[in-house]
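The block underneath contains the structure these notes are about, expressed in C-alpha cells.
Starting from 1, each residue takes its place in the sequence as its number.
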Amino acid sequence: TLTVTDADKNTLYDGGVTGFRSYLFEENGTYDAKLVVKVDGSSSDRDSSVTGTETWQFQFTVNIKPTMQLCTPSVQQGSVAAVRVGPTLSGEAPAIKTSLQTPGFVQAANGWICYLPIPWNESTGNVTLTVTADGYTEDMTLSIRAASYTYKDYSKTSQMLSPYIGESDAPAAVTKVLSTTDDSIEWAVGGFVRDALLGRACSDIDIACSAMWADTKRVCERAGLRTHETGVAHGTITVICGDSAFEVTTFRSDGQYKDGRHPDSVSFVSSIEEDLARRDFTINAMAWRPDRGLVDPFGGKADIQLGVIRAVGDPHQRFAEDALRILRACRFSAELGYAVEPCTYQGMLENKGLLSKISAERVTHELQKLLLGPHAGDALLGCVDALSAVLPELVAMKGFDQQTPYHIFDVLEHTARVVDGVPPYPLVRWAALFHDMGKPACFFKDEDGTGHFYGHAAVSVPIARGIMQRL
C-alpha cells in the first residue's frame, strides 16, 4: 500500500500503487510517502518461501508549471493580442503585468485567456508581458507593427478598436427588415456579421428576433413584406424584401442531436445571448443591429482579429451535436486563412467518426468550398487528421517523403501547393488534389536510394474514381 501526506501531515492518498497512477495533485509542493510491500506464500508467484514486509519512506516534489503562450507574437495597431495559460492547479486566475491596458485573464476552455486590445495610437515596437501563474513567471515579448490598412466608418466617437460595422455596411433590405418590428427585437446574426467585420459581401443573411414566428409574420406583412412559412417548427419564416430573402428565426436553444446533425427539439428563449450560445464558432456567434451595435458574448470579433476558428463553449459538445461542423471549420480555414484553435481541433478529432452520419451531398458541398478557398492548401495541411474521416486517402500522403532531388516536400504538402497554384475552378482543384494520390502505392528506391513512382498517374485514376463515386 502507498500512503501520501502533505506538509501538514494530512493524508492525501492511501491505497494501491496502481490506483495512484491516476491521482491528481491539487497544488505544487513537497510530499511524504510511505510504501509498504508485503509478501506471503500465497501472493508470491516465484518462490512461496519468500515472505515478509518491507517499508520505504521518501519525499518527492510536485512542480507542475502551467503552459503559457503568446498566441500573437506580432500584431498591428488597432488589433488584438492574446495570451493563453493552461489550467492552474490552484484554480486561481493568472496575473499579467504590462504597459498595455488589459482586463486580465478570464476562464476559457482548458485554461485561461487574456485579450490585449491594441489602440490605434499605440507606439510601435516591443512590449514586455510578464505572466505569473501558480508561482511561475514568464516574460513574453509582443511586437506592435504600424497599421498598413484602414477601416471604413471609423470615428473617434464610435470606438477605438476596429473592425467596425456602420449603418452603411448593411444592405438596404437588411436595414428595412430590422426596422419593421414593434415590440420585438431583431438582430442580424451569423455570417453577415462576420463578413461585414471582414469587409466582405455576404448574400446569406439570417435574422434572429424575440417574437414568435406568427407575430413576426404579421408585423412583416403589415410592413408590405412577403413571407413564407419555411421552418415554423423551429421558429423560422422566410421574409422577402425586394430581390432578397432572409430567414427570420425566434431566439432559441437546441435540444439533443440524436442523429448527429439536427436537433430533436428546440426551446424558445428570451435573449439574443442565449440564442448565440447554440452556434458553432465564435466568429459566427455575433449579432448586430444599427441602433444597438454589436453583441459579441463569446469573443468572435477578437478571434477574427487573431485569425482563429474557435468553438462556442465545449468543443466536444459542439461537434457531437452536429458533425458537419467539423468540415465547416476546415472550410472556414480555407476561405479565411484562419488557424483552428487547438482545443477546438481536438474536439474535431474526437468526433470525426460521426461524419459517417452526414450525407454525401453535404460532405461534397463542404469539401468543394474548401478546395475553392484561397487558403485551401493550408487547410489541407492543417486539418488533414480531421479530413481523413471523409478523405482517408490523404493519410498515406501525409509525411510521405518522396526521397528524390526533384521534390522538397512530402506528397501531401506537394499536393497542397499544387492545389493553391492552379485556378480556383472545381474540376481543376479536384484534379490537383487527386493527381499524386497514387504515389505512396508506387514508391520504390533504386540502388542509389533515390525514390521513384513509375505509373503513379495511372494508379491515381482508380483512387480518384473511388472518391468521386463515394461522394
Answer yes or no: is there a side-chain heavy-atom contact under 4.5 Å between [X] and [Y]?
X: Val83; Y: Ile113; value: no
X: Phe443; Y: Gln402; value: no
X: Val461; Y: Phe434; value: no
X: Pro315; Y: Glu350; value: no
X: Asp401; Y: Asp410; value: no
X: Leu394; Y: Ser388; value: no
X: Phe192; Y: Asp206; value: no
X: Val295; Y: Trp187; value: yes

Looking only at heavy atoms, which two atoms of [X] and [Y] are closest? And how far apart?
X: Ala386; Y: Tyr345; answer: N-OH, 3.4 Å
X: Arg325; Y: Arg278; answer: NH2-O, 3.4 Å
X: Asp296; Y: Ala302; answer: OD2-N, 4.4 Å
X: Ala329; Y: Phe281; answer: CB-CZ, 3.6 Å
X: Asp436; Y: Pro440; answer: O-CD, 4.0 Å
X: Ile237; Y: Glu229; answer: CG2-CA, 4.4 Å

[atom1]/[X] to [atom2]/[Y] distance, rounded to the nearest 0.5 angstrom?
X: Thr282; Y: Arg194; atom1: OG1; atom2: CZ; result: 11.0 Å
X: Arg429; Y: Leu367; atom1: CZ; atom2: CG; result: 14.0 Å
X: Arg331; Y: Leu336; atom1: CZ; atom2: CG; result: 9.0 Å
X: Asn126; Y: Ile144; atom1: CG; atom2: CD1; result: 8.5 Å
X: Leu370; Y: Leu387; atom1: CG; atom2: CG; result: 6.0 Å
X: Glu393; Y: Met437; atom1: CD; atom2: CE; result: 5.5 Å

Exercise. Do Ile240 and Thr227 pass the side-chain contact (heavy atoms from CB on, under 4.5 Å) test, and can you show the C-alpha distance, the side-chain angles, and the key distance before you say yes or no?
Worked result: CA-CA 6 Å; Ile240 309 299; Thr227 65; over 6 Å; no
Within the side chain of [X], is there an N or O that forms a donor-acceptor pair under 3.5 Å with the backbone of [Y]?
X: Ser333; Y: Tyr338; answer: yes
X: Tyr136; Y: Pro66; answer: no
X: Thr415; Y: Val411; answer: yes
X: Thr364; Y: Ala360; answer: yes
X: Ser460; Y: Gly438; answer: yes
X: Lys352; Y: Asp385; answer: yes
X: Asn351; Y: Gly347; answer: yes

Problem set entry | CD/Gln403: more than 12 non-hydrogen atoms of other groups inside 6.0 Å | yes
Exercise. Would the number of heavy atoms belonging to other residues, nucleotides or ligands and lying under 6.0 Å from CZ of Arg470 be above 12?
Worked result: yes
Is a side-chain donor-acceptor pair under 3.5 Å present for [Y] with [X]?
X: Asp139; Y: Thr128; value: no
X: Ser271; Y: Glu274; value: yes
X: Thr236; Y: Thr230; value: no
X: Asn284; Y: Arg279; value: no
X: Thr124; Y: Arg145; value: no

Is the closest basic N to carboxylate O distance between [X] and [Y] below 4.0 Å?
X: Glu335; Y: Arg328; answer: no
X: Arg310; Y: Asp303; answer: yes
X: Glu341; Y: Arg84; answer: yes
X: Glu138; Y: Lys65; answer: yes
X: Arg417; Y: Asp420; answer: no

Problem set entry | Output field: ring centroids His456/His435 closer than 6.0 Å | no
For this session: Any chance you could lay out the side-chain contact (heavy atoms from CB on, under 4.5 Å) test for Lys439 and Met397, step after step, and finish with the verdict?
Result: CA-CA 8 Å; Lys439 274 190 171 180; Met397 302 162 65; over 6 Å; no
Exercise. What do the steps show when you test Leu355 against Leu327 for side-chain contact (heavy atoms from CB on, under 4.5 Å), and what is the final call?
Worked result: CA-CA 9 Å; Leu355 283 167; Leu327 298 184; 3.9 Å; yes
Exercise. Which class fits the ring pair His407 and His414: parallel under 30°, tilted 30 to 60°, perpendicular over 60°?
Worked result: perpendicular
For this session: Just do the side-chain contact (heavy atoms from CB on, under 4.5 Å) check on Thr404 and His452 with the steps written out, would you?
Result: CA-CA 7 Å; Thr404 169; His452 299 282; over 6 Å; no
